[in-house]
Structures are given as structure tokens and as C-alpha cells.
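Inspection log for the structure reproduced underneath, given as C-alpha cells.
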Amino acid sequence: MRKIISMHNIVKKFYIGLPNELEILHGMDLEINEGEFTAIVGPSGSGKSTLMNIIGALDRPTSGIYELNGTDISELDDSELSDIRNKEIGFVFQNFNLISRTNAIENVELPMLYAGIGRKERRKRAEELLDIVGMSDRADHNPNELSGGQKQRIAIARAMANSPSILLADEPTGALDSATGRMVMDIFHRLNKEEHKTIVLITHSNELAAETDRILTINDGKIVSDSKGGGADVLT
């Protein structure tokens, strides 16, 4: 099975060389295969956010090797990292991060615009993605005209725009009520099973983690448990 994420001996330090130097990740090894739905859980201060930033190419490790879909991102400059983020990683955040004065379909088109895709192709792809997340009837609405759940569905469609290698979801249901959160998780399950998307879910919720194929538990900057989740079977 093809590896999408391959990390070897990842160390992340802050304040390097200063008396208050702080090591957050302590030689972490991690591999995630194509098509896996993986949850990363752990208490506050465990290193979840630091690991997420490295997986998402938002930050570099201090040392170690991180290969994303066969590319060693440790060697890339800032411009190349930005390109990797746009093409290889679809981000879904707790607070949606939509452009407020831009309607839903244009929000979905944005990553394709940065990738240099032509207007006609962008619009066709955005329409298809809005249909997948059940938001075709809200294409012309701005974010302030949408509910939290609708915003998150738009954000998921946007994350899929450039057919990324992975979807990286950081507490995607954290700002939603339980019924709306359930709807959002159902979309992730559908994307994983029907579109074969590799999904990494960062969550503090053991209940949500139990729905995934694999649960990685982090504590004190180390993976302390790598267990099998219930997957979509827990929903039936």
C-alpha cells in the first residue's frame, strides 16, 4: 500500500540555543497509508498542534525526515512549501476560514485560482464539489448568510478543490452542535469510502476518533498508542 505520510525521527524544538529551549516532539516516527482515515488524539500540550502544523507543511521539523506523497518537504523553500500546501493538502479548520465577502462557489474556487486553473474548469469543479457536500443551492450565498454547518461543508468542498493527497481536519466539528457535527463527520466518511480520500483528523473527542480506521494517541511529544478504530462500522 502506498505511503502518503512518512515521518522518521521527527524532532521539533522552539527557542533553539536559548536557556528556555523547549523540545515538543521527541523523535517521532509516523506512517499513514493512502486511503486511511486516521485520528490523532491527545490532551492539551501533548504536541497535537505541533504535529499537525508539520503534517500540513505549515512548519518545518527541527530535525528528522518528513516525506509527503514521496516528496521530502524538509528540503523545500518557503515558495515550494506553499505550493505543496495548495496542491497536496486540503485543510479543514474549526473556524472555517472562509473569505467573508466572497460567495460559496468562489470560496471553493480559490485554491484552484492559486494553482493556475482556468476559470471554466474552476467553476465546473467547484459546482461538482458543492454537489458532493450538498451545498449546490447555496452557491451564491456569502458566509454570513450560512449556518455553521453550511460553512463547514463549504470549507470541506474548498479543501477538496485541487484533489489533494490528504485532508487535514483540525477539530472540524468543534464549533458545531452535535447534530451538525454528525452531518460533517458523515461527509468525511463518504469522502473516505467513496472518493478514497486519505483523512487525518485532529480531535480531542474519543467518540469521534472511534469512528476512524486508526487512532494515534500522543502524549508528551510521543505516540503512546496506535490502535484500530471502529471505522464507519460504528455508525451502522
Side-chain angles (χ1 to χ4, degrees), residues 1 3-69 71-76 78 81 84-85 88-95 97 159 165-176 181 184-185 188 192 198-231 234:
M1 194 171 287
K3 292 180 178 63
I4 293 293
I5 291 171
S6 183
M7 291 183 161
H8 299 289
N9 201 27
I10 294 293
V11 172
K12 182 60 183 179
K13 298 179 181 180
F14 295 94
Y15 317 118
I16 296 171
L18 299 175
N20 58 338
E21 181 174 293
L22 184 63
E23 185 171 297
I24 303 296
L25 302 180
H26 313 298
M28 187 176 285
D29 294 325
L30 171 62
E31 291 185 343
I32 294 177
N33 292 323
E34 185 176 31
E36 275 190 323
F37 192 168
T38 302
I40 297 177
V41 300
S44 295
S46 61
K48 286 199 311 293
S49 296
T50 301
L51 177 60
M52 185 205 73
N53 287 339
I54 292 174
I55 290 174
L58 296 165
D59 199 2
R60 290 183 174 87
T62 304
S63 62
I65 297 172
Y66 171 28
E67 292 184 350
L68 174 62
N69 204 18
T71 299
D72 183 355
I73 73 160
S74 317
E75 303 296 322
L76 303 183
D78 288 345
L81 274 182
I84 282 281
R85 283 195 299 271
E88 297 283 353
I89 305 164
F91 292 95
V92 182
F93 297 102
Q94 179 175 336
N95 59 354
N97 285 10
S165 299
I166 62 169
L167 289 181
L168 185 57
D170 181 22
E171 300 283 5
T173 65
L176 306 175
V184 167
M185 283 300 293
F188 282 124
N192 177 242
T198 307
I199 301 173
V200 179
L201 172 71
I202 313 293
T203 181
H204 69 277
S205 168
N206 291 324
E207 186 179 349
L208 291 185
E211 296 184 15
T212 65
D213 301 323
R214 182 182 177 199
I215 304 168
L216 299 173
T217 305
I218 295 182
N219 206 356
D220 293 329
K222 295 180 180 178
I223 296 173
V224 296
S225 172
D226 184 347
S227 59
K228 185 175 173 58
V234 301

- Indicate the atoms forming the closest heavy-atom contact of I24 with G47, along with that distance. CG2-CA, 4.0 Å
- Item | side-chain contact (heavy atoms from CB on, under 4.5 Å) between I32 and I166, worked out | CA-CA 10 Å; I32 294 177; I166 62 169; over 6 Å; no
- Message: Taking CG in D220 as the centre, count heavy atoms belonging to other residues, nucleotides or ligands within less than 6.0 Å. Is the count above 12?
- Response: no
- Query: Does a sphere of radius 6.0 Å around NE2 in H204 hold more than 12 heavy atoms from other residues, nucleotides or ligands, not counting ones at 6.0 Å or beyond?
  - Reply: no
- Message: Here's a test for you: under side chain to side chain contact (heavy atoms under 4.5 Å, CB included), which of T50, I89, L68, I40 qualifies with I55?
- Response: I40
- Task: Kindly indicate, with the supporting measurements, whether the criterion side-chain contact (heavy atoms from CB on, under 4.5 Å) is fulfilled by K12 and D59.
- Result: CA-CA 10 Å; K12 182 60 183 179; D59 199 2; 3.2 Å; yes
- Query: Under 3.5 Å, side chain of D213 to main-chain N/O of G230, donor-acceptor pair present?
  - Reply: no
- Pick from I10, T38, L216, I54: which one makes a side chain to side chain contact (heavy atoms under 4.5 Å, CB included) with L30? L216
- Item | Closest approach of P43 to N219 (non-hydrogen atoms, all atoms of both residues) | CG-OD1, 3.8 Å
- Message: Could you check whether any side-chain heavy atom of V200 comes within less than 4.5 Å of a side-chain heavy atom of I5, counting everything from C-beta outward?
- Response: yes
- What's the spacing between I215 CD1 and N206 CG if we round to 0.5 Å? 7.5 Å
- Message: Just verifying a value: how many Å separate S6 OG and I65 CD1, rounded to the nearest 0.5 Å?
- Response: 8.5 Å
- Query: What distance do I218 atom CD1 and L25 atom CG have between them, rounded to the nearest 0.5 Å?
  - Reply: 7.0 Å
- What distance do I16 atom CD1 and E21 atom CD have between them, rounded to the nearest 0.5 Å? 6.0 Å
- Minimum-distance pair of heavy atoms, taken over all atoms of P172 and V92: CB-CG1, 4.1 Å
- Message: What's the separation between atom NE2 in H26 and atom CD1 in I223, rounded to the nearest 0.5 Å?
- Response: 12.5 Å
- Query: Nearest heavy-atom pair of S74 and Y66: which atoms, and what distance?
  - Reply: OG-N, 3.5 Å
- Hey, does the side chain of R60 reach the backbone of I73 with a donor-acceptor pair shorter than 3.5 angstrom? no
- Taking side chain as C-beta onward, heavy atoms only, is S63 less than 4.5 Å from N9? no
- Any donor and acceptor pair, going by atom type alone, linking the side chain of S165 with main-chain N or O of N69 inside 3.5 Å? no
- Message: If I compare all heavy atoms of G42 with all of K48, which pair ends up nearest, and what's the gap?
- Response: O-NZ, 2.6 Å
- Task: Mark yes when over 12 heavy atoms from residues, nucleotides or ligands other than E207 sit less than 6.0 Å from its CD; otherwise mark no.
- Result: no
- Message: For L58 and F91: C-alpha separation, side-chain torsions, deciding distance, then whether side-chain contact (heavy atoms from CB on, under 4.5 Å) applies.
- Response: CA-CA 11 Å; L58 296 165; F91 292 95; 4.0 Å; yes
- Query: Rounded to the nearest 0.5 Å, what separation is found between the CE atom of M185 and the CG atom of L208?
  - Reply: 5.0 Å
- In terms of heavy-atom contacts, N20 and Y15 come closest through O-CD1, 3.4 Å
